[in-house]
Amino acid sequence: MDSLLTVEVVLFRAARDGRFVPVGADVPIDLTDPAPPAGDHLRALEKATVSLAVGSGLPAEVIRAVAATPVPRLFQESSWLYEHRAVVLTDNRCVVGGHVLHYNDLFGLYVTETEPESPVVVTVKDADTEIPIAATASFDLLTRPWIPVVKRDGETGLLGLRDVILNAHTIRQITAETPTMTAALHRLLLAFFHRVYGPQSEAAWQELWAAERLPTEALDTYLHRHRHRFDLFHPEVPFMQCAKLASLTPATAAKLVPYRAVGNNVTLFDHTTAADRVMLSPQEAARWLVTLQAFDPGGMKTPYEKDKSSERAPCNDFGVVVVEGENLKETLLLNALVYLPDHEKPMMTAPDDRPVWEEETGPSPRPDKRTARGWTDLLTWPSRRVLLSTTGSGEETLVDGVVITPGTRLDASLIDEEGMAAFRRPRDAKGKFKKGSPLFPVRLHPLRGVWRHSVELLLVELWDEGKNRQRPVALDQIAELAERRFLPLNAVYTLRVLGQRLDSKASVIEAWMEERVPAPVPLLRARDENLGSIIGHAIALADDAGSALRSFQAEYRKEFRDTTTPDIDHQYWPRLSRPFGAFLVSLGHARDKGRSELSAIQVWAKQVKRLAATVADRWVAGSPAQGRAMVALGKHHGVFHSRLATSERTFHTKIVAYTTGREETNV
């Protein structure tokens, strides 16, 4: 009988004046009105109508509980609505038949298996029943929407943490307000994923990869123990915060947002002053809180007692590398290392590893310094002690202030512990590695693309002793999984590299950056230094062409003391990222098919030469030079073309020694 049970419902959100607003509309409606709805009211009700049926993913007891509720007075005289029920949502949820019914604009209705430990305000009720309002501020990060997602069809929206995990297979990617926020949210999600799913072995990883969606049971088992730790405004253990800072006076909430011109954070376009009262929604505050813990600059903070000096948060030291697949489920797994703390996996992970929300109690307000317990501890590092302050209640709760004090200083060797970074040994003026110099993290440059570090980002270093580079650890695992045929041998993933640049004192943000580099699996699996030489020489060709452009400009400026012409670099470097990405993909394809790399090499060389020549020609055409200056400009232009041709010939002479074939091409 249950298999045939269907009930039509209209979804409402509670309004503060006692009326209700149909989901997707802004028209308040009185459900006790005896006159049937018409006009705009009827159209709003029609758009908010859904069918609840057994077999659609909702338990039978939910359908029966909704069907047992009275038809609202407003519906009873309507020829269309006379059998419809009303479901009233507060905070996009209500308790029905022992389950929590959730609503999201992207994914519609769904349930959690049991009623949560944290209080939920409301249930399905008759229109005459009052809806209680929560007495204290609460924002459940598991179910309330706050993480910005892009679905596979391009639609954008916000989801709660639990919804992001369970719908990861339908989400294209996480894309937030800034690259740093995107990176911080990925690190948070990855730590959460590890604690829920492991995976404890490559076989467990492959099972998750093969599944259509991430399983619910493990998630709900984990949340049964830790649900209360995801309340942004919990009175004792607010998420990623320190409740013991309550004795300090909050500063403006603008302190959370780096582009607000508050204190030392002077910006060009924002005109916020310390006297302005900035309000943030809980969703915004949660995103900036996570970002602050990962990327907050160094400098002076509000002291809890005396110590007010803070180091820059750990993610400022490197470009955060996220391996991206076709959907978020793939992305999480591609970045998820085998996680078995009892066996020190990943490396430097101890059995007591845990993310910040699994601490037994809230943190001490006093700053400290320690080593990381392991990978999820590092991913959620508490670099600051923070406490948000709120105003309003229920749906009108806003964050109106924040206390930020120094937190936990990280005592770590990044190259041994940080898995989402690439490392390189610097070179001297002759291009030789500096012996004895440590390996430094790869960072983003506001002008020259991170693709120039593709050797360090993509290729394995064959030597443990005296190594000169180290790629993100996830790429080693991807190469191994492909060897075992768990992943396609010819797949091309994407590296999203995200970060920010600070000023010389590491206290002010100067730029946010995000770049993408293709990651062909054949290149990740390659275990010969010839490939590194090919890519290295290809990058050197671009450097030589860029050097020729700068020399061309510098010589002209020196001769005529000209400072009016624009810098030539800005027309050259940003336009090389896309063709270099195509070059990497072509190299991967050649390796996969066992063909020579010469075709890809020649295409790249021609693109570099053509772009450099075009930039130089346009710079000449835009120069205001006349008379003798025009003659000199032509002379320097000719020297540039000669130097460019020499660089190309030298490149082809050197590169042929590293290719796997000698066939000629007409490219």
Side-chain angles (χ1 to χ4, degrees), residues 426-432 444-455 511 515 533-584 586 598-659 664-667:
R427 297 175 184 265
D428 59 24
K430 296 182 179 180
K432 302 293 185 181
L444 292 105
H445 188 280
L447 180 60
R448 299 190 181 191
V450 76
W451 57 266
R452 296 177 68 254
H453 299 297
S454 292
V455 173
E515 295 187 42
S533 298
I534 290 172
I535 296 176
H537 280 298
I539 295 169
L541 175 63
D543 287 342
D544 289 344
S547 178
L549 283 169
R550 287 193 304 278
S551 177
F552 165 44
Q553 182 184 59
E555 290 299 319
Y556 174 77
R557 284 179 169 179
K558 178 180 178 182
E559 183 171 350
F560 291 94
R561 298 180 181 178
D562 174 77
T563 59
T564 61
T565 52
D567 287 339
I568 205 166
D569 273 358
H570 292 82
Q571 302 298 318
Y572 175 70
W573 287 109
R575 296 165 65 186
L576 280 172
S577 176
R578 187 180 296 273
F580 190 82
F583 168 65
L584 291 176
S586 296
L598 282 173
S599 176
I601 290 167
Q602 292 184 4
V603 169
W604 166 248
K606 287 192 174 184
Q607 288 175 319
V608 171
K609 182 179 179 181
R610 185 184 302 119
L611 175 59
T614 299
V615 169
D617 293 347
R618 288 179 178 174
W619 192 82
V620 169
S623 172
Q626 295 179 354
R628 187 175 68 86
M630 181 61 73
V631 174
L633 186 61
K635 178 188 70 175
H636 294 307
H637 192 209
V639 171
F640 159 75
H641 276 284
S642 176
R643 181 173 174 180
L644 183 63
T646 299
S647 295
E648 186 188 22
R649 287 195 299 271
T650 302
F651 167 72
H652 284 298
T653 299
K654 291 181 177 179
I655 203 75
V656 71
Y658 302 104
T659 59
E664 297 295 330
T665 70
N666 295 316
V667 179

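Below, all heavy atoms of this structure are taken into account, side chains as well, without hydrogens, waters or symmetry copies. These numbers come from a predicted model, not from an experiment.
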Asks: Answer yes or no: is there a donor N or O on one side and an acceptor on the other, between the side chain of Ser642 and the main chain of Gly638, under 3.5 Å?
Replies: no
Asks: At their closest point, which heavy atom of Asp617 faces which heavy atom of His637, and how far apart are they?
Replies: OD1-NE2, 2.8 Å
Asks: Picking from Val608, Leu447, Thr614, what satisfies side-chain contact (heavy atoms from CB on, under 4.5 Å) with Tyr572?
Replies: Val608
Asks: Within this structure, what is the OG-CG distance for the pair Ser547 and Leu644, rounded to the nearest 0.5 Å?
Replies: 11.0 Å
Asks: Specify whether Phe580 and Phe583 have parallel, tilted or perpendicular ring planes, treating 30° as the upper limit for parallel and 60° as the lower limit for perpendicular.
Replies: tilted
Asks: Report yes if some heavy atom in the side chain of Ile601 is under 4.5 Å from a heavy atom in the side chain of Val656; otherwise report no.
Replies: no
Asks: Give a yes or no on whether Arg618 atom CZ has more than 12 heavy-atom contacts from other residues, nucleotides or ligands under 6.0 Å away.
Replies: no
Asks: For the side chain of Thr653 and the backbone of Arg649, is there at least one donor-acceptor N/O pair under 3.5 Å apart?
Replies: yes
Asks: Taking all non-hydrogen atoms of both residues, which atom of Ala616 and which atom of Leu549 are closest, and how far apart?
Replies: CB-CD2, 3.8 Å
Asks: Before you tell me yes or no, could you show the steps for Val615 and Arg575 under side-chain contact (heavy atoms from CB on, under 4.5 Å), namely the whole-Å CA-CA distance, both residues' side-chain angles and the distance that decides it to 0.1 Å?
Replies: CA-CA 10 Å; Val615 169; Arg575 296 165 65 186; 3.9 Å; yes
Asks: Assign the ring pair Trp573 / Trp451 to parallel, tilted or perpendicular, where the plane angle (0 to 90°) is split at 30° and 60°.
Replies: tilted
Asks: Roughly how far, to the nearest 0.5 Å, is the NE2 atom of His641 from the NZ atom of Lys609?
Replies: 9.0 Å
Asks: Any chance you could measure Leu444, atom CG, to His453, atom NE2, to the nearest 0.5 Å?
Replies: 8.5 Å
Asks: Let me confirm one number: the CZ-CG distance from Arg550 to Asp543, rounded to the nearest 0.5 Å.
Replies: 7.5 Å
Asks: Where do Phe552 and Val620 land on the side-chain contact (heavy atoms from CB on, under 4.5 Å) test, with the steps shown first?
Replies: CA-CA 10 Å; Phe552 165 44; Val620 169; 3.5 Å; yes
Asks: If I take atom CZ from residue Arg448 and atom CD from residue Glu515, how far apart are they, to the nearest 0.5 angstrom?
Replies: 13.0 Å
Asks: With a 4.5 Å limit on heavy-atom distance, are the side chains of Trp619 and Gln553 in contact?
Replies: yes
Asks: Got a second to check how far Leu576's CG is from Arg452's CZ, nearest 0.5 Å?
Replies: 10.0 Å
Asks: Taking the side chain as everything from C-beta on, heavy atoms only, tell me whether Leu584 gets closer than 4.5 Å to Ser454.
Replies: yes
Asks: With the side chain counted from C-beta on, respond yes when Arg643 and Asp544 share a heavy-atom pair under 4.5 Å apart, and no when they do not.
Replies: no
Asks: Grab the two heavy atoms, one from Phe651 and one from Ala605, that are nearest each other, plus how far apart they are.
Replies: CE2-CB, 3.8 Å
